[in-house]
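Owing to the predicted nature of the structure, the values given are computational and were not obtained by experimental measurement.
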Amino acid sequence: MASSAIPSIGLIGAGRLATVLAKHLIASNIPINWIYSRGGASAKLLANELEIHISESIEDIASAADIIFIAVNDDSIEGVASELRAQNSTALLLHCSGSTSIQALGSKMQRSGIFYPLQSFSKDQAPDFASIPICIDANDNKDLEILISIANQLNCKHYRLDDDARLHVHLAAVFANNFSNALFAISKEILDKNNLPFDILRPLIEETARKIKSQEPLSAQTGPALRGDIEVINRHLQLLESDPNWASIYREMSQIINPELNIPK
């Protein structure tokens, strides 16, 4: 998709997702013409960095842009969309959420779409955007073609997913990313309490992630629960006696790995 064929684009939001998305759109010759954020200061910083015109009000961006990316927290999407619709905006409104319905952007007769990059973002780290899958959807086939063109120019693999499919993907992502990271945090606390370095686990974490590139997760599973090694499990639980929540997690996860385990209470 040539940059000359891309309509004018507005961005609402200046958080982690908005920052990373803006940088990669511009790096892929997809210009962002306006940015707006209620916070103001963060939007000004991003606008100055990327040389984007900053909109002083949501009314400005509503009247000027042909496509508007709404990259705000999920609870704010519907309110922002309502404000834009109230300005009689004819723009294609896109939100970037995995768990919010397309209906939050308006009725099926209005130009609405989804552009959800399935990744966890940080402002200070530049991900390989070409490796990020983009979940897309739109009320209109012509608008869907626009989203496919943008995904292709970003060199991203795209998947058309309706609300139900996207919500299931988001649920799976919470287990794979958020919950696993919470377990990393518990691991670090266990090591910290015993004056041990978290770096000792990094090669193991990296190898676990590497394995699932070529193996099904179940086939890559190892550990005392899989082996049914109750003696080791009991020793671990003794170490967790002062942390009942962690002990409960340990029991539940062990039971999920091996439902036939009979772990003493």
Side-chain angles (χ1 to χ4, degrees), residues 1-14 17-37 46 50 52-53 55 58 60-72 74 77-78 80-119 121 127 129-167 169-170:
M1 182 176 184
S3 59
S4 60
I6 299 173
S8 58
I9 293 176
L11 173 67
I12 296 180
L17 172 58
T19 298
V20 173
L21 181 61
K23 288 180 178 180
H24 284 277
L25 286 170
I26 291 171
S28 301
N29 297 316
I30 302 175
I32 296 176
N33 305 90
W34 300 273
I35 184 171
Y36 170 78
S37 175
L46 182 60
L50 300 178
I52 303 170
H53 178 74
S55 293
I58 203 166
D60 291 343
I61 203 167
S63 62
D66 299 312
I67 298 174
I68 301 175
F69 285 89
I70 302 174
V72 298
D74 289 6
I77 290 172
E78 188 167 1
V80 170
S82 295
E83 288 186 60
L84 291 166
R85 298 297 186 195
Q87 300 301 316
N88 296 316
S89 173
T90 59
L92 168 58
L93 303 189
L94 305 173
H95 77 59
C96 306
S97 166
S99 59
T100 303
S101 170
I102 194 172
Q103 295 177 17
L105 298 173
S107 73
K108 290 185 178 180
M109 301 303 293
Q110 293 173 306
R111 296 182 70 200
S112 304
I114 308 296
F115 197 85
Y116 167 50
L118 183 55
Q119 186 54 275
F121 295 110
F129 217 83
S131 69
I132 298 173
I134 307 291
C135 304
I136 62 172
D137 198 14
N139 285 339
D140 180 84
N141 285 334
K142 289 183 179 179
D143 287 336
L144 185 67
E145 288 300 319
I146 292 173
L147 301 187
I148 291 171
S149 295
I150 292 174
N152 286 342
Q153 188 153 336
L154 289 171
N155 200 27
C156 295
K157 190 170 185 178
H158 65 269
Y159 299 82
R160 185 180 186 182
L161 302 179
D162 62 18
D163 284 347
D164 183 66
R166 187 163 31 84
L167 186 58
V169 167
H170 190 262

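- Within the 4.5 Å cutoff, no side-chain heavy atoms of His95 are placed close to those of Asp74.
- Taking CG from Asn139 and CG from Leu105, the interatomic distance works out to 8.5 Å, rounded to the nearest 0.5 Å.
- Closest heavy-atom contact between Ile9 and Ala65: C-CB, 4.2 Å.
- By the 4.5 Å heavy-atom criterion applied to side chains, Leu118 and Ile134 are not counted as neighbours.
- Nearest heavy atom pair, residue Ile150 against residue Leu25, reads CG2-CD2, 4.0 Å.
- Taking both residues in full, the closest heavy atoms of Ala22 and Leu46 are given as CB-CD2, 4.5 Å, listed atom of the first, atom of the second, then distance.
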>> Between Arg166 and Asp163, is the side-chain contact (heavy atoms from CB on, under 4.5 Å) condition met? List the steps.
In response: CA-CA 5 Å; Arg166 187 163 31 84; Asp163 284 347; 2.4 Å; yes
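- For the side chain to side chain contact (heavy atoms under 4.5 Å, CB included) with Ile32, the lone residue among Leu11, Leu21, Leu50 that qualifies is Leu11.
- Proximity of Ile68 to Leu92: side-chain heavy atoms (C-beta onward) are nowhere separated by under 4.5 Å.
- Applying the ring pair (Phe, Tyr, Trp, His ring centres under 6.0 Å) rule to His170 yields no partners; only residues at least two apart in sequence or on another chain are considered.
- Between Gln87 and Leu84 there is no side-chain heavy-atom pair separated by less than 4.5 Å.
- Distance check, rounded to the nearest 0.5 Å: CD1 of Ile114 to OG of Ser101 gives 7.0 Å.
- Note that the CG atom of Leu94 and the OH atom of Tyr116 stand 15.5 Å from one another [nearest 0.5 Å].
- Enclosure of atom CD in Glu78 is not indicated, since only 12 or fewer non-hydrogen atoms of other residues, nucleotides or ligands lie within 6.0 angstrom.
- Closest approach of Ala62 to Ser89, counting heavy atoms only: O-OG, 3.2 Å.
- Note that CD1 of Ile132 and NE2 of His24 are 6.5 Å apart. Values are rounded to the nearest 0.5 Å.
- If you check the side chains of Arg85 and Ser112, you find a donor sitting under 3.5 Å from an acceptor.
- Residues Ile136 and Leu161 fail the side-chain proximity criterion, which asks for heavy atoms closer than 4.5 Å.
- No donor-acceptor contact under 3.5 angstrom links the side chains of Ser8 and Asn33, judged on distance only.
- Checking side-chain atoms of Arg111 against main-chain N and O of Thr90 turns up a donor-acceptor pair under 3.5 Å.
- Checked against ring pair (Phe, Tyr, Trp, His ring centres under 6.0 Å), Phe69 has the following partners two or more places apart in sequence or in another chain: Phe115.
- Going from atom CG of Leu147 over to atom CD1 of Ile67 covers 7.5 Å, rounded to the nearest 0.5 Å.
- Checked by atom type and distance alone, the side chain of Ser28 never pairs as donor or acceptor with a backbone atom of Leu154 at under 3.5 Å.
- For Ser97 (side chain) and Thr100 (main-chain N/O), a donor-acceptor pair under 3.5 Å exists by modelled atom type.
- Heavy atoms only, all atoms of each residue included: Gln153 and Asn29 are closest at NE2-O, 3.4 Å.
- Ile35 approaches Gly13 most closely through the heavy-atom pair CD1-O, 3.8 Å.
- Using a 4.5 Å heavy-atom cutoff, the side chains of Ile148 and Glu145 are in contact.
- Put simply, CH2 on Trp34 and CG on Asp60 are 10.0 Å apart, with the number rounded to the nearest 0.5 Å.
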